[in-house]
Amino acid sequence: MNLIKALNPVISHYRDRRFEGNQEQFEERLRTSTTVYVGNLSFYTTEDQIYEVFSKCGDVKRIVMGLDKHKLTPCGFCFVMYYTREDTEDCCKYINGTMLDDRPIRVDFDWGFMEGRQFGRGRSGGQVRDEYRMDYDAGRGGYGTILQQEVAARQSMMALYAGEMTLGDLGGFKGGQQAAAGQQQEAGNPRFRDESDDER
């Protein structure tokens, strides 16, 4: 049964919000398209690597790398266009789930590339999935964007807090400015004894 499913790739239920037609029109485009969407790529996978793998299923017409819309650097997906539907179907049959740069890639039929779809849709510029990811993925920039921002904010706060702290007289910690003011107060207050007082 799994073999039959592998040899007859199903149409994805994902609906792209940028497609202006209805669901029936969308599914028809998927059934006739010669474009595939490739996901879960490493940020470091090159266009040449993608061409080498995907050209094994047929002549590749064009490859469009997915880019971070702010940095204009690869962000883990691409579109591959073939000349024929037969080659497109072979691509989904045989390449989906295979390893590229030590990670399994996902290949789905796509309704067709249009300008603007090469850019990530996340707020930070990359893909939305990388905004909320909590695990560490070295091939996709480390931790998710939101988690990275939270860690950076905490580290900045800790550094600021540490910079304002200084070792107090009794081994505790006092704020830098408060400690200096306290020392001046002790020096001018007759109630505070100094070691030199015992020598007088």
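Ring geometry, F77 versus Y37: the interplanar angle falls under 30°, so the pair is classed parallel (tilted spans 30 to 60°).
Tracing side-chain contacts under 4.5 Å through hydrophobic residues (I, L, V, M, F, W, Y), one reaches V107 starting from V80; they form part of the same cluster. Note: the hydrophobic cluster containing F54 does not contain F109 (ILVMFWY, side chain heavy atoms under 4.5 Å, direct or indirect links). Note on Y82: it clusters hydrophobically with L100, by side-chain heavy-atom contacts below 4.5 Å among ILVMFWY residues. The hydrophobic cluster containing L72 does not contain F43, counting ILVMFWY residues as joined when their side-chain heavy atoms lie under 4.5 angstrom apart, directly or transitively. No chain of hydrophobic side-chain contacts below 4.5 Å, direct or via other Ile, Leu, Val, Met, Phe, Trp or Tyr residues, connects F79 to F119.
Pairing each heavy atom of L41 with each of I50, the nearest pair is CD1-CD1, 3.9 Å. For the residue pair T46 and M65, the shortest heavy atom distance occurs at C-CE, 4.5 Å. Q118 and M114 make their closest contact through OE1-O, 4.3 Å (heavy atoms, listed as atom of the first residue, atom of the second, distance). Of all heavy-atom pairs between C92 and V36, the closest is SG-CG1, 3.8 Å. Residues G112 and S33 come closest through the heavy atom pair N-OG, 4.1 Å.
Side-chain atoms of I105 and T98, non-hydrogen and from C-beta on, do get closer than 4.5 Å to each other. K61 has its side chain out of reach of D59: every pair of non-hydrogen atoms, C-beta onward, lies at least 4.5 Å apart.
Residue Q49 places its CD atom among more than 12 non-hydrogen atoms of other residues, nucleotides or ligands, all under 6.0 Å distant.
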### Task
Could you please spell out the steps behind the side-chain contact (heavy atoms from CB on, under 4.5 Å) verdict for N96 and R106?
CA-CA 5 Å; N96 181 41; R106 180 170 60 87; 4.0 Å; yes

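At least one donor-acceptor pair under 3.5 Å links the side chain of N40 to the backbone N or O of P104. Between the side chain of T73 and the backbone N or O of D68, no donor-acceptor pair lies under 3.5 Å.
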